[in-house]
Colleague: 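Below is the structure I would like to discuss, written out as structure tokens.
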Amino acid sequence: MTGKAKPKKHTAKEIQAKVDAATTNRGGGKAGLLDRTGLEKGGHAKWECPHCKTTAPDVKSMQIHHDARHPKIPFEEEKLVNRHASLVPESSKPRPGVRGSLKK
């Protein structure tokens with residue numbers, strides 16, 4: 001139990017959690033936007049809808065999107081656009097979801 005004037009000290013676990021949160025790429029912000037759209041690094045959005053150009057990470061998600069947004073058009077998996085096949089990412093750029101920051 002701490003007294004009135006005694007501040008609580010941070011534990012090593014708390015400090016490590018703060019460092020981990022600060023240095024792990026969570027995919028937010030402008031860099032995360034490029035990652036989510038898949039324009040620059042390959043991204044997580046692999047499949048693109050041929051009708052509305054919406055992207056999805058896998059075929060199952062694209063099928064859910066297609067059933068919800070294009071119910072009158074039958075779903076054909078072979079018509080989906082594979083964005084990873086058409087884009088060759090540069091090796092000098094960091095991969096999506098890489099642990100750690102560029103500045104230390």
Side-chain angles (χ1 to χ4, degrees):
M1 203 153 79
T2 58
K4 244 184 195 179
K6 291 184 182 177
K8 289 185 178 179
K9 296 196 170 145
H10 294 284
T11 63
K13 186 177 179 182
E14 285 178 332
I15 293 170
Q16 184 57 38
K18 286 183 181 183
V19 169
D20 183 49
T23 58
T24 302
N25 180 6
R26 302 286 184 204
K30 286 194 176 186
L33 178 67
L34 291 173
D35 180 29
R36 290 187 301 273
T37 56
L39 295 175
E40 198 169 297
K41 298 185 245 176
H44 299 292
K46 183 173 181 178
W47 301 102
E48 183 177 73
C49 179
H51 308 294
C52 63
K53 306 297 182 200
T54 299
T55 57
D58 55 11
V59 177
K60 181 79 173 167
S61 298
M62 185 52 70
Q63 186 172 8
I64 293 168
H65 156 79
H66 194 277
D67 292 341
R69 300 291 178 201
H70 316 290
K72 295 181 181 178
I73 305 169
F75 179 72
E76 298 174 35
E77 189 175 326
E78 59 273 358
K79 286 191 176 181
L80 296 178
V81 178
N82 185 348
R83 299 185 78 196
H84 286 193
S86 62
L87 181 73
V88 179
E90 292 181 32
S91 61
S92 63
K93 294 185 180 178
R95 300 290 298 158
V98 172
R99 189 176 179 86
S101 67
L102 298 176
K103 57 182 181 178
K104 293 218 177 199

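For the single chain, residues carry numbers from 1 onward in sequence order. For the numbers below, each heavy atom of this structure counts, side chains included, while hydrogens, waters and symmetry mates do not. Small disclaimer: the values here were computed from a predicted structure and weren't measured.
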Colleague: What pairs with E76 under salt bridge (Lys or Arg N to Asp or Glu O under 4.0 Å), at least two apart in sequence or on another chain?
Modeller: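 By the salt bridge (Lys or Arg N to Asp or Glu O under 4.0 Å) rule, E76 matches K79.
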Colleague: State the SG-NE2 distance between C52 and H65, to the nearest 0.5 angstrom.
Modeller: 3.5 Å
Colleague: In terms of ring plane angle, is the pair H66 and H51 parallel, tilted or perpendicular, where the classes change at 30° and 60°?
Modeller: tilted
Colleague: Dump the intermediate steps for side chain to side chain contact (heavy atoms under 4.5 Å, CB included) on C49 and H70, then the final yes or no.
Modeller: CA-CA 10 Å; C49 179; H70 316 290; 3.4 Å; yes
Colleague: Of the options L80, T55, V81, T54, which is the one that meets W47 in a side chain to side chain contact (heavy atoms under 4.5 Å, CB included)?
Modeller: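 The residue from L80, T55, V81, T54 that satisfies side chain to side chain contact (heavy atoms under 4.5 Å, CB included) with W47 turns out to be L80.
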Colleague: Return the set of residues passing side chain to side chain donor-acceptor pair (under 3.5 Å) with S61 (not counting sequence neighbours), or none when no residue passes.
Modeller: D58
Colleague: How would you list, by chain and number, every residue that makes a salt bridge (Lys or Arg N to Asp or Glu O under 4.0 Å) with K18, sequence neighbours excluded?
Modeller: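 Per chain and number, K18 pairs via salt bridge (Lys or Arg N to Asp or Glu O under 4.0 Å) with no residue.
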Colleague: Donor-acceptor pair, distance only, cut-off 3.5 Å: does the side chain of E14 make one with the backbone of T11?
Modeller: yes
Colleague: Give a yes or no on this: more than 12 heavy atoms of other residues, nucleotides or ligands lie within 6.0 Å of atom CD of E77.
Modeller: no
